[in-house]
Amino acid sequence: MIERGPRPVAPFSHAVEAEGWVFLTGQMPTDPDAPDAPLSEGIEAQTRRVMDNLQIVLEGIGLGLENVTMVRIYLREFERDYAAMNATYMRYFEQGKLPARTTIGVTGLAVGALVEIDMIARRPG
């Protein structure tokens with residue numbers, strides 16, 4: 001668990017490491033500083049909050065987005081939100097150095113979120 005990480009919405013660790021591979025649990029668009037506050041409106045704001053939460057977890061274990069090898073994105077309103085989520089997501093990675101990715105449409109997410117994202121990272125060396 002990362003001390004300043006988002007409050008879990010289920011029983012899990014923020015990240016688990018095995019032989020240099022780091023598996024980050026899917027994060028929700030909750031604010032770590034105000035976990036009971038209403039979620040931000042819209043897919044862009046929620047995508048930013050989720051990505052910021054994932055960065056908090058990565059930084060807490062001494063890694064960054066440059067160490068991410070795989071991303072899975074879950075969207076509650078796939079057709080409506082896919083393009084806007086992509087535009088926001090792209091701002092977090094260096095052009096030409098994107099991780100592998102899968103995006104899946106789902107019927108529901110915890111806390112009424114529009115988006116959840118999990119990641120796999122690799123520790124250098």
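Any value given below was found using the heavy atoms of this structure, including those in side chains, with hydrogens, waters and symmetry copies removed. Note that the numbering runs from 1 along the sequence shown for the chain.
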May I have the step-by-step check of side chain to side chain contact (heavy atoms under 4.5 Å, CB included) for Arg123 and Glu17, ending in yes or no? CA-CA 9 Å; Arg123 191 170 295 283; Glu17 186 166 350; 2.9 Å; yes
Shortest non-hydrogen pair, Leu75 vs Tyr82, comes out as CD1-CA, 3.9 Å
Pairs under 3.5 angstrom only: tabulate donor-acceptor contacts from the side chains of residues 96-122 to other protein residues two or more places apart or in another chain.
| from | atom 1 | to | atom 2 | distance (Å) |
| --- | --- | --- | --- | --- |
| Arg101 | NE | Thr103 | OG1 | 3.0 |
| Arg101 | NH1 | Asn86 | OD1 | 2.7 |
| Arg101 | NH2 | Asn86 | OD1 | 2.7 |
| Arg101 | NH2 | Thr103 | OG1 | 3.0 |
| Asp118 | OD1 | Arg72 | NE | 3.0 |
| Asp118 | OD2 | Arg72 | NE | 3.3 |
| Asp118 | OD2 | Tyr74 | OH | 3.2 |
| Arg122 | NH1 | Glu19 | O | 2.8 |

Just how far is it from atom CG of Leu24 to atom CE of Met70, taken to the nearest 0.5 Å? 13.5 Å
Between CG of Asp52 and CG of Asp31, what distance do you get to the nearest 0.5 Å? 9.5 Å
When rounded to the nearest 0.5 angstrom, what distance separates OG1 in Thr30 from CZ in Arg49? 7.5 Å
Minimum heavy-atom separation for Glu44 and Ala84, please, with both atom names. OE2-CB, 3.4 Å
So, do Leu58 and Leu65 sit near enough that their side-chain heavy atoms are less than 4.5 Å apart? yes
Enter the distance from Ile73:CD1 to Asp81:CG here, rounded to the nearest 0.5 Å. 12.0 Å
Euclidean distance, Asn67 CG relative to Ile61 CD1, rounded to 0.5 Å: 8.5 Å
Would you say Phe78 and Val71 are hydrophobically clustered, going by side-chain heavy atoms of ILVMFWY under 4.5 Å? yes
Residue pairs passing the ring-ring contact (aromatic ring centres under 6.0 Å, His included) test where at least one lies in residues 91-125, sequence neighbours excluded: Tyr89-Phe93
Euclidean distance, Met51 CE relative to Arg91 CZ, rounded to 0.5 Å: 11.5 Å
With sequence neighbours excluded, tell me which residues meet ring-ring contact (aromatic ring centres under 6.0 Å, His included) with Phe23. none
